[in-house]
Amino acid sequence: MRDHPYFALAIHDNAELAMILNNDIQQRTTLHEWPLSFVEKIDIQDGRQFIYKSQRTPSIEPAFYAQTQSPLLCPGKTIYQSSHHSCMILDYLAAPLMQNSTLSETAIVRIGRDLQTAIGNLEGNPPHIFDVTTIARWRRFVETILGNINDLITAGKFQQVNRTARHKLARYALSSPVIAAIELNPGYVHGDLTSDNIFLLPDGYRVIDWAYP
């Protein structure tokens, strides 16, 4: 494995991937990279295509795929894992993303509700990065986030987010409607259910990027 040129991520070389996929690597195309993850499209000699993902904690995606079953998931497997880093191979989806669709507002709302129901019915033992199913747990979570924000402001790493913004966030996070929502019906949440993580297929939807549920 080689080191990413900018970020603390390890990446399999062509020979290692060829051995894992039992086929020569024809082409590798970078799709996304930032300090916590690096994603490539892999074309192999027999014409198949895959997604290669190298990522660091706090992502729990390998555990999610190992412990969860659902038609929403794209087939994938973990090919390397340490205490702080992992690499996965997933099937490439040759399907349109929801963000590129021309769906009506009504259709988008319907899909959102369908996905919320499906995510709530995931089978197996889906892991979570945070448990905020009670008010006490939610308050601890909010305190942690606000503390992190305060530290970043104090250190000068946050320039646009100031203590006024932090105060507004605290007021919103602990407001009556938010507390009522937590009491009402806590459930499993994807964590980043945006239109660029939802594929539209003839037989339903596929949702990717289960790093922070």
Side-chain angles (χ1 to χ4, degrees), residues 1-101 111 114-115 118-119 121-129 188 190-213:
M1 298 177 76
R2 60 183 173 85
D3 292 333
H4 188 280
Y6 311 118
F7 307 128
L9 296 164
I11 302 167
H12 287 76
D13 61 30
N14 282 359
E16 291 169 321
L17 283 180
M19 185 173 297
I20 291 166
L21 296 171
N22 197 30
N23 215 278
D24 289 338
I25 306 301
Q26 188 175 51
Q27 185 174 345
R28 302 175 67 161
T29 306
T30 300
L31 302 180
H32 164 86
E33 54 186 337
W34 74 301
L36 293 181
S37 67
F38 170 79
V39 181
E40 286 182 318
K41 176 172 168 282
I42 305 291
D43 292 85
I44 64 175
Q45 201 67 39
D46 66 8
R48 290 179 294 159
Q49 298 173 314
F50 297 91
I51 293 296
Y52 173 78
K53 186 172 186 179
S54 171
Q55 57 191 327
R56 295 184 60 84
T57 52
S59 169
I60 59 170
E61 196 161 20
F64 177 86
Y65 271 86
Q67 298 171 211
T68 311
Q69 298 84 46
S70 171
L72 292 179
L73 303 189
C74 171
K77 64 179 181 179
T78 301
I79 59 173
Y80 171 81
Q81 188 163 17
S82 68
S83 59
H84 61 278
H85 182 253
S86 63
C87 297
M88 299 182 68
I89 292 284
L90 303 106
D91 286 2
Y92 177 77
L93 294 174
L97 281 166
M98 186 173 169
Q99 70 173 0
N100 299 325
S101 72
I111 291 172
D114 289 347
L115 289 174
I119 291 170
N121 292 326
L122 293 172
E123 297 180 1
N125 185 29
H128 54 264
I129 193 165
Y188 201 77
H190 176 275
D192 191 19
L193 194 61
T194 53
S195 60
D196 57 344
N197 282 330
I198 302 168
F199 286 87
L200 307 177
L201 283 81
D203 65 343
Y205 318 115
R206 300 294 183 277
V207 178
I208 60 170
D209 201 2
W210 296 89
Y212 310 112

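Here, residue 1 is the first one in the sequence, and each next residue gets the next number.
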- Item | Evaluation steps, side chain to side chain contact (heavy atoms under 4.5 Å, CB included), between L17 and I44 | CA-CA 10 Å; L17 283 180; I44 64 175; over 6 Å; no

- Item | Those residues that, when tested against D192, pass salt bridge (charged side-chain N to carboxylate O under 4.0 Å, His left out) (two or more places apart) | none

- Is the closest side-chain heavy-atom distance between Y212 and L36 below 4.5 Å? yes

- Only counting residues at least two apart or in another chain, list the ones meeting side chain to side chain donor-acceptor pair (under 3.5 Å) with Q81. none

- Looking at residues at least two apart in the chain, or sitting in another chain, which of them share a ring-ring contact (aromatic ring centres under 6.0 Å, His included) with F38? H4

- Note on the structure: With sequence neighbours left out, the residues meeting salt bridge (charged side-chain N to carboxylate O under 4.0 Å, His left out) with D91 are none

- Message: Would you compute the distance between atom CD1 of I89 and atom CD1 of I79 and round it to the nearest 0.5 angstrom?
- Response: 4.5 Å

- Sub-3.5 Å donor-acceptor pair from the side chain of N23 to the main-chain atoms of Q45, do we have one? yes

- Qualifying salt bridge (charged side-chain N to carboxylate O under 4.0 Å, His left out) pairs with a residue from residues 203-213, counting only residues at least two apart or across chains: K53-D209, D203-R206

- Minimum heavy-atom distance L72-A118, with the two atoms named: CD1-CB, 3.7 Å

- Query: A95 and F199: which non-hydrogen atoms are nearest, and at how many Å?
  - Reply: O-CD2, 3.3 Å

- Message: Quick check: closest heavy atoms across M88 and Y65, and the distance to 0.1 Å?
- Response: CE-CD1, 3.6 Å

- Query: Closest approach of L122 and S70, non-hydrogen atoms and distance?
  - Reply: CD2-CB, 3.4 Å

- Query: At what distance, to the nearest 0.5 angstrom, does CE of M1 lie from OG of S54?
  - Reply: 6.0 Å

- Could you go step by step and tell me if S86 and E61 meet the side chain to side chain contact (heavy atoms under 4.5 Å, CB included) rule? CA-CA 9 Å; S86 63; E61 196 161 20; over 6 Å; no

- Message: Testing the basics here: between I208 and D196, what is the closest heavy-atom pair and its distance to 0.1 Å?
- Response: CD1-O, 4.3 Å

- Smallest separation among heavy atoms of S101 and L200, with atom names: CB-CD1, 4.0 Å

- Note on the structure: Applying salt bridge (charged side-chain N to carboxylate O under 4.0 Å, His left out) to D46 and not counting sequence neighbours gives R48

- Query: Applying salt bridge (charged side-chain N to carboxylate O under 4.0 Å, His left out), which residue pairs with at least one partner in residues 15-26 are found, sequence neighbours left out?
  - Reply: none

- Message: Tell me every residue that passes ring-ring contact (aromatic ring centres under 6.0 Å, His included) with Y80, counting only those two or more places apart in sequence or in another chain.
- Response: H85

- Could you list the residues that satisfy ring-ring contact (aromatic ring centres under 6.0 Å, His included) with F64, not counting sequence neighbours? W210

- Item | Atom pair CE/OG of M98 and S195 - distance to nearest 0.5 Å | 6.5 Å

- Message: Working to the nearest 0.5 angstrom, can you tell me the gap between I51 CD1 and Q49 CD?
- Response: 8.5 Å

- With sequence neighbours excluded, what pairs up with E40 under the side chain to side chain donor-acceptor pair (under 3.5 Å) test? R28

- Hey, is NZ on K41 packed in by over 12 heavy atoms from elsewhere, all under 6.0 Å? yes

- Task: Could you tell me the separation between the CG atom of N197 and the OG1 atom of T194, rounded to the nearest 0.5 Å?
- Result: 4.0 Å

- May I ask you to decide if P127's main-chain N or O and Y188's side chain share a donor-acceptor pair within less than 3.5 Å? yes

- How would you list, by chain and number, every residue that makes a side chain to side chain donor-acceptor pair (under 3.5 Å) with H190, sequence neighbours excluded? none

- Query: Do S83 and T57 touch side chain to side chain, with heavy atoms closer than 4.5 Å?
  - Reply: no

- Item | Sequence-distant partners of R56, salt bridge (charged side-chain N to carboxylate O under 4.0 Å, His left out), two or more places apart | none

- Query: Between CD1 of I20 and OH of Y52, what distance do you get to the nearest 0.5 Å?
  - Reply: 7.5 Å

- Considering residues, nucleotides and ligands other than N22, do more than 12 of their heavy atoms fall under 6.0 Å from its CG? no

